[in-house]
Amino acid sequence: MIDALANSPLLTLFLVVATGAVLGAIPFGRMRFGAAGALFTGLALSAIAPQLGDGMQIVQTLGLALFVYTVGISAGATFFATLNKQLPLLGAATVATVIAALATILLGHALGIERDLGLGLFTGALTAAPALDAASRLTGTAGPSVGYSFGYPIGVIVGIVLVSMVVGRAWPGRGDTPALAGTSLVSTTVLVHRTVNLRDVPQWYQQRVRFSYLRRDGTVRVIVPGEDLLAGDEVVAVGMPEAVEEVVAELGERSTRHVAHDRSLVEFTRMTVSNPDLASRSIAELNLPVRFGAVVTRVRRGDLELLARDDLILEPGDRIAVVVDRAELDAVHRFLGDSDRQVSELDVLSLGLGLMLGVGLGMVTVPMPGGSAFSLGPAAGPLIVGMALGALRRTGPIVWSLPGGANTTVRQLGLLLFLAALGLTAGPEVAAVLASPMAWRAALLSVVVSALSCVVLLLAARWVLDLSAARSAGAVAGFLGQPAVLDAANSRKADERIETAYATLFAFAMVVKILLVPVIWNVQG
């Protein structure tokens, strides 16, 4: 069996992925390992047969690059739009990393752990591969690699356990923005009691509600943005429940009938945005009221239902709810594209160029004081580029945004390849440390460094920054820079704030860890 696996790296890789999926689905109390199961089955298999890890480094790098790039594309726009608000979280992550460095220095000295091994345990417990590269060049020994391989799975387990305990909790989160996931819009018909222009309705002017149908003198039609509402009109308002209730009180009273049920002249339909020329355009830029006399009320993006604000930027694969005169229905279909097949296909040029730029950035070497240098590597490089391109959304004819379904598929594939290949390459080193008298001391240091820094970050997020549990869990995943921890959080709760926090801290925390590597080495010396 081992010989067959050694002769077929692909068979080995897919065996680890399949068995890892089984392990990841097994509940351990309230926790499941999820995609991280591939890491642990890979570690076990390569510990038995070290030769199975030969040639897996390229698979590991490919999987990691795919994963972090797609995360960056998804979260980039939100990150840069809210960067000023994220500065306190970046500060909390810096404090947590410094505390991890201090714990490494003090506990490593107390336990008698060699400097190079302790430095590797620091990078492994915080799952910082680029920091490992800096440590290896700094020490010139194999100690950092051994320590990293031993501490890495411990850091993964600690991260998964903590986010699994935290992500589902109902913290107040008064310093956080509300989650879009799980919210639901409502549609209500309002009987108007007084003449008023739409621009004088504060909820409409503030983009908190959308109006769609208008019934006047027994005839139902699409409302014209900015027109006057007359006493006796019936108008359909769409928005969050509290905003719709405010509109009812502002304009008159709730009608006994729902005008949207009248489809004699006006049609309500959902269409897929697949026309590449419309990607990264705002709802206002579509100009549907002028082009077709149509109004967009809602946008379905993955599991999120969003109100169609004028400034909402469309992404490939968005499903938009359109209210339109029947005579213009076919024209709107042609304009939007409305092709599920088209949006399920990857733009290979966009993906290839983005990954090329990301990997290229990761290869750039930055000099540091003292003659050392570091590079961002295949993790932070593609993430930073992905976030930048995600914020740009498009450059001329190239649309950087990926359809939601395609993004999720590529991300999951990258995660599984990365974790399976990592387990297959790290197993022998982990087994060697486990078999030595140093095992319990290395394990203790790894647990303390990982748990202490993550708990400090969680406490700061909860009690100092007053963030939601979802954003706090995403912050831990980003602080560790660990895809498996992010997957553990996402598998338990659908909340866009998890990925935003992950993208916020991933690259930043990685750079802080790299900068602390020579500090730890020199202080221990």
Side-chain angles (χ1 to χ4, degrees), residues 70 73-78 180-187 207 210 212-213 222 225 236 238-239 260 263 266-351 354 389-390 392-413 494 496 499:
T70 51
I73 285 288
S74 176
T78 303
L180 296 175
T183 60
S184 58
L185 303 175
V186 298
S187 174
Q207 298 281 295
R210 301 286 284 186
S212 53
Y213 294 82
V222 181
V236 175
V238 180
R263 304 291 177 86
V266 178
E267 186 62 63
F268 171 82
T269 185
R270 291 186 182 272
M271 303 183 191
T272 301
V273 179
S274 61
N275 183 348
D277 293 333
L278 303 183
S280 304
R281 308 297 185 191
S282 68
I283 294 291
E285 288 177 302
L286 296 184
N287 205 18
L288 293 185
V290 174
R291 291 175 184 268
F292 310 106
V295 172
V296 181
T297 58
R298 314 167 190 236
V299 175
R300 185 78 178 180
R301 180 172 297 163
D303 293 332
L304 301 179
E305 187 175 49
L306 309 173
L307 186 66
R309 295 170 50 93
D310 287 343
D311 58 356
L312 179 65
I313 302 298
L314 293 172
E315 297 181 1
D318 282 349
R319 295 275 294 171
I320 64 176
V322 182
V323 179
V324 59
D325 187 280
R326 282 183 176 275
E328 296 288 349
L329 184 59
D330 290 341
V332 175
H333 272 285
R334 290 191 297 270
F335 178 70
L336 296 176
D338 198 26
S339 171
D340 290 332
R341 182 191 63 80
Q342 187 174 356
V343 297
S344 66
E345 297 174 349
L346 275 176
D347 185 341
V348 179
L349 174 62
S350 165
L351 182 65
L389 297 180
L392 285 175
R393 292 190 170 92
R394 71 184 300 154
T395 304
I398 300 177
V399 178
W400 302 111
S401 301
L402 297 175
N407 187 302
T408 301
T409 300
V410 173
R411 184 186 311 181
Q412 188 69 10
L413 175 63
E496 75 284 354
E499 284 191 3

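What you see is a predicted model, and the numbers here were worked out from it, not measured in a lab. For the numbers below, each heavy atom of this structure counts, side chains included, while hydrogens, waters and symmetry mates do not.
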Test your reading of the model: is there a side-chain donor-acceptor pair from [X] to the backbone of [Y], 3.5 Å cut-off?
X	Y	answer
Glu305	Arg298	no
Ser350	Ile398	no
Ser274	Asp338	yes
Arg393	Ser401	no
Glu328	Asp325	no

Which pair of non-hydrogen atoms, one from [X] and one from [Y], has the smallest distance, and what is that distance?
X	Y	answer
Ala308	Ile283	O-CG2, 4.2 Å
Leu278	Leu314	O-CB, 4.4 Å
Asp318	Glu315	OD2-N, 2.8 Å

How about [X] and [Y]: do any of their side-chain heavy atoms sit closer than 4.5 Å?
X	Y	value
Arg263	Arg326	yes
Ser282	Asp311	no
Leu306	Leu312	yes
Val322	Phe292	no
Leu336	Asn275	no
Arg210	Asp310	yes

Sole residue of Thr409, Asn407, Thr408 in side chain to side chain donor-acceptor pair (under 3.5 Å) with Arg411 |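 For Arg411, the side chain to side chain donor-acceptor pair (under 3.5 Å) check succeeds only for Asn407.
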
>> Just to verify, which of Arg300, His333, Arg319 counts as forming a side chain to side chain donor-acceptor pair (under 3.5 Å) with Thr272?
In response: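 Exactly one pass, corresponding to Arg319.
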
Rounded to the nearest 0.5 Å, what separates atom [atom1] in [X] from atom [atom2] in [Y]?
X	Y	atom1	atom2	result
Leu389	Thr395	CG	OG1	6.5 Å
Ile313	Arg301	CD1	CZ	9.0 Å
Asp330	Phe335	CG	CZ	15.0 Å

query = Out of Val296, Val266, Val323, Val324, which residue meets the side-chain contact (heavy atoms from CB on, under 4.5 Å) rule with Ser212?
reply =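 By the side-chain contact (heavy atoms from CB on, under 4.5 Å) criterion, Ser212 pairs with just one of Val296, Val266, Val323, Val324: Val323.
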
